[in-house]
Amino acid sequence: CLPVCPVDCILLEPTPKADRGSFWKEYTAEEAMSSRERYRLRKLRLSQEAEKNKLQSSTLSTSESSVLRDEILEAVSRVRKRRLLLTQQGDKIETQTTNKAFERLRDAIPAPSSELKYNSHYELLVAVVLSAQATDISVNRATKTLFPQANTPEAMIALGVKRLKGHIKAIGLYNTKAKHIIKLSELLIERHQSKVPASRKELEALPGVGRKTANVILNTAFGKPTIAVDTHLFRVSNRTGLAPGKDVREVEDQLMKRVPDEFKMGAHHWLILHGRYTCTARKPRCHSCIIQELCQFQEKQINPNQGE
């Protein structure tokens, strides 16, 4: 055993020198026991010194404690005021930027509207359901032949799933969409006297109608200040910094919070058109963007030949 070995051996029998190498010194059981006791005493002394130092450092006079506490509270107060000031300044800058951005978008398109072709609330509902994961151009091409034959819930049910599929087969997911349109037409007749409801809850209860579709109907058909977030709005909101978010609902909430009331009715159309024709996914046209200097996009391509 070594003199500083802390192990509480059961057998205090020195290992033969031949097995340990010539540089090891042999210790008797008494020597090993004495070494272990010295180690124990040293450890105890160090522990007592640590407790003493801890007690001394934590023991302050009443006046010293009061002064220290006041200094800490004052420092915390200064930090909180500074954070509040920075937050207010940041919110003010964000509001000013958002206002300028939408003022320019409004000046470019004073009366924005959907690019879907429709003549009634029902036709709009069907067109928006068909537009999921499809382009407005493909939807308009399909509804050009569909709506003259079925532009009411009753006419759509009479048309049937099979013939409906024939009109919309060029649109993605047409099998599922055809079933949804027939089913929602039945529910409109059964629950709403063949009329499109004007409440989010009733709209989202219809097959094929989610939050985005409901927002489009509420905004476009009923003039409510909702903002539907699709892939274009999600990209533009995050890329420009207007309303960053991890998912479409977070982006929608940020837009509803940041966009001034005077712009909310047209915000969906302005941003979707901007994302469709200017702030495109692969090659954004930053050189022709009217809100380019307000945008936070780090990879702006100001030169039209940049990136080629």
Asker: Determine whether a donor-acceptor pair (N or O, by modelled atom type, separation under 3.5 Å) exists between the side chain of Asn140 and the backbone of Glu115.
Answerer: yes
Asker: Return the set of residues passing side chain to side chain donor-acceptor pair (under 3.5 Å) with Glu74 (not counting sequence neighbours), or none when no residue passes.
Answerer: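 Side chain to side chain donor-acceptor pair (under 3.5 Å) list for Glu74, sorted by chain: Arg78.
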Asker: Decide if atom CD1 of Ile137 counts as having more than 12 heavy atoms of other residues, nucleotides or ligands within a radius under 6.0 Å.
Answerer: no
Asker: Would you say Arg239's side chain and Ala281's backbone share a donor-acceptor pair under 3.5 angstrom?
Answerer: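 Yes; judged by distance alone, with no hydrogens or angles, the pair exists.
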Asker: Looking at Lys224 and Ala198, would you say the former's side chain and the latter's main chain have a donor-acceptor pair under 3.5 Å?
Answerer: yes
Asker: Would you call Ser237 and Leu255 a side-chain contact if the rule is heavy atoms closer than 4.5 Å?
Answerer: yes
Asker: Would you mind writing out the side-chain donor-acceptor pairs for residues 168-187 within the sub-3.5 Å range, not counting sequence neighbours?
Answerer:
{"unit_1": "Asn175", "atom_1": "OD1", "unit_2": "Lys165", "atom_2": "NZ", "d": "3.2"}
{"unit_1": "Lys177", "atom_1": "NZ", "unit_2": "Leu130", "atom_2": "O", "d": "2.7"}
{"unit_1": "Lys177", "atom_1": "NZ", "unit_2": "Ala132", "atom_2": "O", "d": "2.6"}
{"unit_1": "Lys177", "atom_1": "NZ", "unit_2": "Gly172", "atom_2": "O", "d": "3.0"}
{"unit_1": "Ser185", "atom_1": "OG", "unit_2": "Tyr122", "atom_2": "OH", "d": "2.6"}
{"unit_1": "Ser185", "atom_1": "OG", "unit_2": "Ile181", "atom_2": "O", "d": "2.7"}

Asker: If the condition is side chain to side chain donor-acceptor pair (under 3.5 Å), which residues does Ser194 pass it with, not counting sequence neighbours?
Answerer: Glu154
Asker: Do Val248 and Leu271 belong together in a cluster built from hydrophobic side chains that touch within less than 4.5 Å?
Answerer: yes
Asker: Are Met156 and Val129 connected in the hydrophobic side-chain network, where two residues link if heavy atoms are under 4.5 Å apart?
Answerer: yes
Asker: Could you grab the distance from atom OG of Ser120 to atom CG of Asn151, nearest 0.5 Å is fine?
Answerer: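 Separation between the atoms: 6.0 Å.
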Asker: Which pair of non-hydrogen atoms, one from Lys117 and one from Phe147, has the smallest distance, and what is that distance?
Answerer: O-CE1, 3.8 Å
Asker: If you group Ile, Leu, Val, Met, Phe, Trp and Tyr by side-chain heavy-atom gaps below 4.5 Å, do Ile272 and Val216 land in one group?
Answerer: no
Asker: Indicate yes or no: at least one non-hydrogen side-chain atom of Thr220 is less than 4.5 angstrom from one of Val128.
Answerer: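 No; the side chains remain at least 4.5 Å from each other.
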Asker: Can you list the steps and then say if Arg191 with Glu202 is a salt bridge (Lys or Arg N to Asp or Glu O under 4.0 Å)?
Answerer: CA-CA 10 Å; Arg191 300 177 182 176; Glu202 291 174 322; over 6 Å; no
Asker: If you compare all heavy atoms of Gly275 against all heavy atoms of Arg235, which two are closest, and at what distance to 0.1 Å?
Answerer: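 Scanning both residues completely, I find the closest heavy atoms to be O-NH2, 2.8 Å.
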Asker: Can you sort out the partners of Asp230 under salt bridge (charged side-chain N to carboxylate O under 4.0 Å, His left out), two or more places apart, ordered by chain and number?
Answerer: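 Partners of Asp230 by the salt bridge (charged side-chain N to carboxylate O under 4.0 Å, His left out) criterion come out as none, since no residue qualifies.
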Asker: For the backbone of Ala142 and the side chain of Thr145, can you confirm whether one donor and one acceptor N or O come within less than 3.5 Å of each other?
Answerer: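 Answer holds: yes.
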Asker: Drop me the distance from Ile217's CD1 to Thr226's OG1, to the nearest 0.5 angstrom.
Answerer: 9.5 Å
Asker: Do you know which two heavy atoms are closest between Cys279 and Val236, and how far apart they sit?
Answerer: CB-CG2, 3.9 Å
Asker: Can you measure from CD1 (Ile290) to CD1 (Ile109) and round to the nearest 0.5 angstrom?
Answerer: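 These two atoms lie 7.5 Å from each other.
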Asker: Can you list the steps and then say if Met265 with Asn219 is a side-chain contact (heavy atoms from CB on, under 4.5 Å)?
Answerer: CA-CA 7 Å; Met265 277 300 301; Asn219 178 272; 3.8 Å; yes
Asker: If you round to the nearest 0.5 Å, how far is OG of Ser138 from CD of Gln133?
Answerer: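 Result: 11.5 Å between the selected atoms.
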Asker: Say whether Tyr277 and Phe297 are linked into one hydrophobic cluster, either directly or through other cluster members, by side-chain heavy-atom distances under 4.5 angstrom.
Answerer: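 Tyr277 and Phe297: separate clusters.
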Asker: With sequence neighbours left out, what residues match Phe263 under ring-ring contact (aromatic ring centres under 6.0 Å, His included)?
Answerer: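 ring-ring contact (aromatic ring centres under 6.0 Å, His included) list for Phe263, sorted by chain: Phe102.
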Asker: Does anything in residues 196-226 pair up under ring-ring contact (aromatic ring centres under 6.0 Å, His included), and if so which pairs, sequence neighbours excluded?
Answerer: His121-Phe222
Asker: Ignoring hydrogens, what is the shortest heavy-atom contact between Pro244 and Asn238? Give both atom names and the distance.
Answerer: CA-OD1, 3.3 Å
Asker: With sequence neighbours left out, write down each residue that passes salt bridge (charged side-chain N to carboxylate O under 4.0 Å, His left out) with Arg163, or none if nothing qualifies.
Answerer: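 For Arg163, no residue satisfies salt bridge (charged side-chain N to carboxylate O under 4.0 Å, His left out) once neighbours in sequence are set aside.
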Asker: Which atom names give the shortest non-hydrogen contact between Pro225 and Met256, and what distance separates them?
Answerer: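 It is O-CE, 3.2 Å.
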Asker: Has the side chain of His268 got a donor or acceptor atom that lies under 3.5 Å from a matching backbone atom of Ala228?
Answerer: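 Between the backbone of Ala228 and the side chain of His268 there is a qualifying donor-acceptor contact (under 3.5 Å).
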Asker: Output yes when a side-chain donor or acceptor of Lys300 lies under 3.5 Å from a complementary backbone atom of Gln292, and no otherwise.
Answerer: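 Such a contact is found between Lys300 side chain and Gln292 backbone.
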Asker: Using side chain to side chain donor-acceptor pair (under 3.5 Å) as the criterion, list what pairs up with Thr231, not counting sequence neighbours.
Answerer: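 Once residues adjacent in sequence are excluded, Thr231 has no partner under the side chain to side chain donor-acceptor pair (under 3.5 Å) criterion.
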Asker: Can you find a heavy atom in the side chain of Arg276 that is under 4.5 Å from one in the side chain of Asp136?
Answerer: yes
Asker: Please examine the side chains of Leu188 and Leu125, heavy atoms only from C-beta on, and report whether any two atoms are closer than 4.5 Å.
Answerer: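 Yes. Closest side-chain heavy atoms under 4.5 Å.
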Asker: To the nearest 0.5 Å, what is the distance between CG (Leu164) and CG (Leu159)?
Answerer: 6.0 Å
Asker: Please list, chain by chain and in numerical order, all residues satisfying salt bridge (charged side-chain N to carboxylate O under 4.0 Å, His left out) with Glu250, sequence neighbours excluded.
Answerer: none
Asker: Check whether any side-chain heavy atom of Leu203 lies under 4.5 Å from a side-chain heavy atom of Val196, and answer yes or no.
Answerer: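 Of all side-chain heavy-atom pairs linking Val196 with Leu203, at least one is under 4.5 Å.
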Asker: Check whether any side-chain heavy atom of Val126 sits under 4.5 Å from a side-chain heavy atom of Tyr118, and report yes or no.
Answerer: no
Asker: Are any non-hydrogen side-chain atoms of Ser113 and His269 less than 4.5 angstrom apart?
Answerer: no
Asker: Is it true that Asp253 and Lys257 have a side-chain N and a carboxylate O under 4.0 angstrom from each other?
Answerer: no
Asker: Hey, quick one: are Ile291 and Val251 part of the same hydrophobic cluster, counting side-chain heavy atoms closer than 4.5 Å, chains of contacts allowed?
Answerer: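 Yes; tracing contacts between hydrophobic side chains, which count when under 4.5 Å, links both residues.
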Asker: Applying salt bridge (charged side-chain N to carboxylate O under 4.0 Å, His left out), can you list everything that pairs with Lys264, at least two apart in sequence or on another chain?
Answerer: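 Only Asp261 meet the salt bridge (charged side-chain N to carboxylate O under 4.0 Å, His left out) criterion with Lys264.
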Asker: With rounding to the nearest 0.5 Å, note down the distance linking CG in Leu233 to CG in Leu242.
Answerer: 10.0 Å
Asker: Hey, does the side chain of Arg285 reach the backbone of Thr280 with a donor-acceptor pair shorter than 3.5 angstrom?
Answerer: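 Answer holds: no.
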Asker: Return the set of residues passing side chain to side chain donor-acceptor pair (under 3.5 Å) with Asn215 (not counting sequence neighbours), or none when no residue passes.
Answerer: Arg200, Glu252
Asker: Give me each pair satisfying ring-ring contact (aromatic ring centres under 6.0 Å, His included) with a member in residues 228-261, each pair once, sequence neighbours excluded.
Answerer: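 Residue pairs with at least one partner in residues 228-261: there are none.
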